[in-house]
J.: 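There's a structure below that I have some questions on.
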Protein chains: 4
Amino acid sequence: MSEDRSEEPKPRRRQARGERRIAQLLQAAANVFCANGYTASSTNAIAREAHVSPGTLYQYFPNKEAIAIELGERLLHEMREAHGQAFVPENLALPLPRLLDAVVDPMIEFNCANPVFLALMHGSEVPGRIAEEHDALHASLLARVQEVIAHYAPGLPGPDRARVADMTFATFKGGLDLVLAAPEGPERDATIAELKTLLLRYLAPLTDEAAPASPR
Amino acid sequence: MSEDRSEEPKPRRRQARGERRIAQLLQAAANVFCANGYTASSTNAIAREAHVSPGTLYQYFPNKEAIAIELGERLLHEMREAHGQAFVPENLALPLPRLLDAVVDPMIEFNCANPVFLALMHGSEVPGRIAEEHDALHASLLARVQEVIAHYAPGLPGPDRARVADMTFATFKGGLDLVLAAPEGPERDATIAELKTLLLRYLAPLTDEAAPASPR
Amino acid sequence: MSEDRSEEPKPRRRQARGERRIAQLLQAAANVFCANGYTASSTNAIAREAHVSPGTLYQYFPNKEAIAIELGERLLHEMREAHGQAFVPENLALPLPRLLDAVVDPMIEFNCANPVFLALMHGSEVPGRIAEEHDALHASLLARVQEVIAHYAPGLPGPDRARVADMTFATFKGGLDLVLAAPEGPERDATIAELKTLLLRYLAPLTDEAAPASPR
Amino acid sequence: MSEDRSEEPKPRRRQARGERRIAQLLQAAANVFCANGYTASSTNAIAREAHVSPGTLYQYFPNKEAIAIELGERLLHEMREAHGQAFVPENLALPLPRLLDAVVDPMIEFNCANPVFLALMHGSEVPGRIAEEHDALHASLLARVQEVIAHYAPGLPGPDRARVADMTFATFKGGLDLVLAAPEGPERDATIAELKTLLLRYLAPLTDEAAPASPR
DNA sequence: GATGAATGAGGATTCATTCAT
DNA sequence: TATGAATGAATCCTCATTCAT
């Protein structure tokens, strides 16, 4: 609050306030989106949750969609910064079960801490048509999965790899729903373990060159 | 539901007319829900799609939610009637890959023919809190999965079985999204095959006592 | 109001009600447009003036602009029906002063009775850029003026005729403002007379081949 | 307004700065009013156009209306200073056609250079009720016209003179609309010439005592 | 002064639902 | 039964204006 006079305090202050407001609004949006889903959330409700007037909200975001987009981007960055090391080369060298731990655990942790993330991924709730807004979020994560798969199953042709990545990701999302729905505690832990088992069983044959890749 | 033959036809007519209206409205609702998602669908739009006035719609359904519920129930019944034999004892005796074919294929077929089904399951899009309306739908299907799992892995303790069923079902839903998003044709077929592979790899160890259950 | 039972009364009633509502809404819009101008008039205010809810207004008009358009068209039709005979061949045969009486008087009368007309012509208040919505209204009237001028000054080249028509019409509009601003009574009458004098002096030389056309 | 030379420069600076701000804001307002009309112009848009914050705008003007008023007054002064000599006695001695040139040409030039002027005269677009804000502007110009007419037609009784002045001015405004709407170049020039013809034909009989003043 | 964040009432428009016919 | 007119609260968003810094 007191001005440090050897620096540029005015703009700093202003921007700091603006940033705080934005964060506050995004947090409020996260709460409201979680509670009602994106479509059913109103900008007025978000403003109310943030204890600001609707006008204030619109000073920072041009419309509802922009809030979701910004929220998604922030979450993505946050996730990368917090758990980005999951995809470092060292981890890629791990055996699959360990890699799954390294990738899935922080991901789940992050989603437990930020349940909006899933809410945004479920997006505009229209199946078979993913809203552009959430596309980026989705695409970015999918790319990660593809990388890992490419590393583990280098022999897999591109289209197959894409399909496996899609399926892996879809499965993970489905499992994540379950994890978030489970009450925190042993039940949730067991669900997490089960999800890892599922992914492991699915992906192990891809990397296991000796074994017949698929029993079909 | 079963037809009593040889009785008073007049009231039957009335009911028949009502039934036709209801079917018409539900079909319209299905279209609209598919196009826009449940939340973004308006009852006026449904009435319009059904070539009926809003007042008429409310003569058959007390509110929007009731439409979704009834639609879900009908779809469930339809699914049971059309593909209920998937769960007959004969199928339960099949080896797992065959059972998967027997269960998954009609299920996917049904969902391709009735994409609302998935739309309703995604429900009110709020993760971690399944709307009561779609609960029944969900629960009913889950029960089926549990039965099959109970049959295939009789030694599995109850809680584990529930968890496996949940996970299986969640995975199936996730895969179904992918299938419906894929363009009809070879791509969709490949996605279906992949989904079955996934399920097979997940479930096979449960039933395959001789084999090492899990590579972990 | 009473039902003639040998005809189709139901639809008639409905349509009649709708028509009445539309008329009521347009009348309300006329009042509000007159009082505040188009831009500053709110649909809510129009609905309030019509003693209906905003929703009702939107059952008959898709948006504010549509109200202005419909209002303009109705006024135009009304004007044509009420005073369309001003342009009949008999009048065209009159000497210019009589023609001016025949054309200007009913026009002014109509505008006194329907002051919205002018409000709509002033349109979206942006000079040099006439809103499309009111264009039709404007164009239609202008065409009439051109016809008369073409008849009175057949030797006038096309572009000149257009210019004269534009100027005549602009002048008339300007004079109309004055007329409407004047308090009803002798002052208004004098203003009307003055406007006719103006128009006569402007147009007389065009038709009066014998006289020296213009002192310039 | 006139500069007192050789006095304290400090306060002058401040005022100078304030003056610059005001000029900047008024110029911005002019642009915005021209583009959207008065009603549809927002103070925020004006501030933005002036590259200034809304707060700054309100430091110089108490409200939106005050901006229009001040703008109108400045334009009036500017017009007087730039073209005020149009009304000097020498011009009044000219024959009417020459006087029209002397008065109309600079007026049109000024309006072409400052199209807001017309926008403000059209004012709040409500016909038959001239907003007080623009009243002054209007009245001032009208007074000039009255003077000229009084000079040219000294025998005209007061009320008639007022009416003629009103009509002349209204006509001029209408013609000005046309002029500004015409594309710069020969078309605009022709429109200007036509407007002068119109005014000449209207006013000539007033001054031309020999001729029968009005054919009515 | 200058800033720009903040306000909250108000604007256009929609929607679930009701009601008179 | 069926209609569609009617409702009014709620939606998204804007704007004139104020205020703390």
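Sequence lines set the chain letters: A, B, ... in the order given, protein chains first and strands last, and positions in each chain run from 1.
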J.: Between D:R48 and B:N44, which is nearer to the 5' end of DNA chain F once each is assigned its nearest nucleotide?
T.: B:N44
J.: Look up atom CG in C:L57 and atom CD1 in C:I46, then write down how far apart they are to the nearest 0.5 Å.
T.: 6.5 Å
J.: Using atom CZ of B:R20 as one end and atom C1' of F:dT1 as the other, report the distance to the nearest whole Å.
T.: 13 Å
J.: Measure from the side-chain heavy atoms of C:S53 and tell me the nearest of F:dT7, E:dT17, F:dT17.
T.: F:dT7
J.: Base, sugar-phosphate, or nothing: which does D:F61 touch, judged by heavy atoms less than 4.0 Å apart?
T.: nothing
J.: With a 4.0 Å cutoff (strictly under), does any side-chain N or O of D:T56 reach OP1 or OP2 of E:dG1?
T.: no
J.: So, is C:Y58 near the phosphate of F:dA6, with a side-chain N or O under 4.0 Å from OP1 or OP2?
T.: no
J.: Does any N or O in the side chain of D:T39 come within less than 3.5 Å of the main-chain N or O of C:A40, such that one atom is a donor and the other an acceptor?
T.: no
J.: How do C:Y60 and D:N63 order along DNA chain F: which one's closest nucleotide is nearer the 5' end?
T.: C:Y60
J.: Nearest to the side chain of A:P54, which nucleotide is it out of E:dA16, E:dG8, F:dT7?
T.: E:dG8
J.: For C:P62 and for D:L57, locate the closest nucleotide of DNA chain E by heavy-atom distance; then report the residue assigned to the nucleotide nearer the 5' terminus.
T.: D:L57
J.: Please round to the nearest 0.5 Å and tell me the distance separating atom CD of D:Q59 and atom OG of D:S53.
T.: 8.0 Å
J.: Would you compute the distance between atom NZ of D:K64 and atom CD1 of D:I69 and round it to the nearest 0.5 angstrom?
T.: 13.0 Å
J.: Starting at atom CG of B:L25, determine the distance to atom C1' of F:dT1, rounded to an integer number of angstrom.
T.: 13 Å
J.: Supply the atom-to-atom distance D:Q27 CD to D:N114 CG, rounded to the nearest 0.5 angstrom.
T.: 8.0 Å
J.: Report the distance from atom CD of D:Q24 to atom C1' of E:dA2, rounded to the nearest whole Å.
T.: 12 Å
J.: Can you find a pair of side-chain heavy atoms, one from C:L25 and one from C:I67, that are under 4.5 Å apart?
T.: no
J.: When you get a sec, tell me which of F:dT17, F:dT3, F:dT7 is the closest nucleotide to the side chain of B:R21?
T.: F:dT3
J.: Would you write the dot-bracket representation of DNA chain E, where each base gets (, ), [, ], | or . depending on whether it forms a Watson-Crick or G-U pair under 3.5 Å and with which partner?
T.: .||||||||||||||||||||
J.: So, under a plain 3.5 Å distance rule, would you say the side chain of C:S42 forms a donor-acceptor pair with the base of E:dG11?
T.: no
J.: What nucleotide among F:dT3, E:dT13, F:dT7 has an atom nearest to a side-chain atom of C:V52?
T.: F:dT7
J.: Round to the nearest Å and state the distance from D:E65 atom CD to F:dC15 atom C1'.
T.: 16 Å
J.: Starting at NE2 of B:H51 and ending at C1' of F:dT3, how long is that distance when rounded to a whole Å?
T.: 16 Å
J.: Are the side chains of A:T43 and A:F61 in contact, using a 4.5 Å heavy-atom criterion?
T.: no
J.: Between C:Q59 (CD) and F:dA5 (C1'), how many Å, whole number?
T.: 5 Å
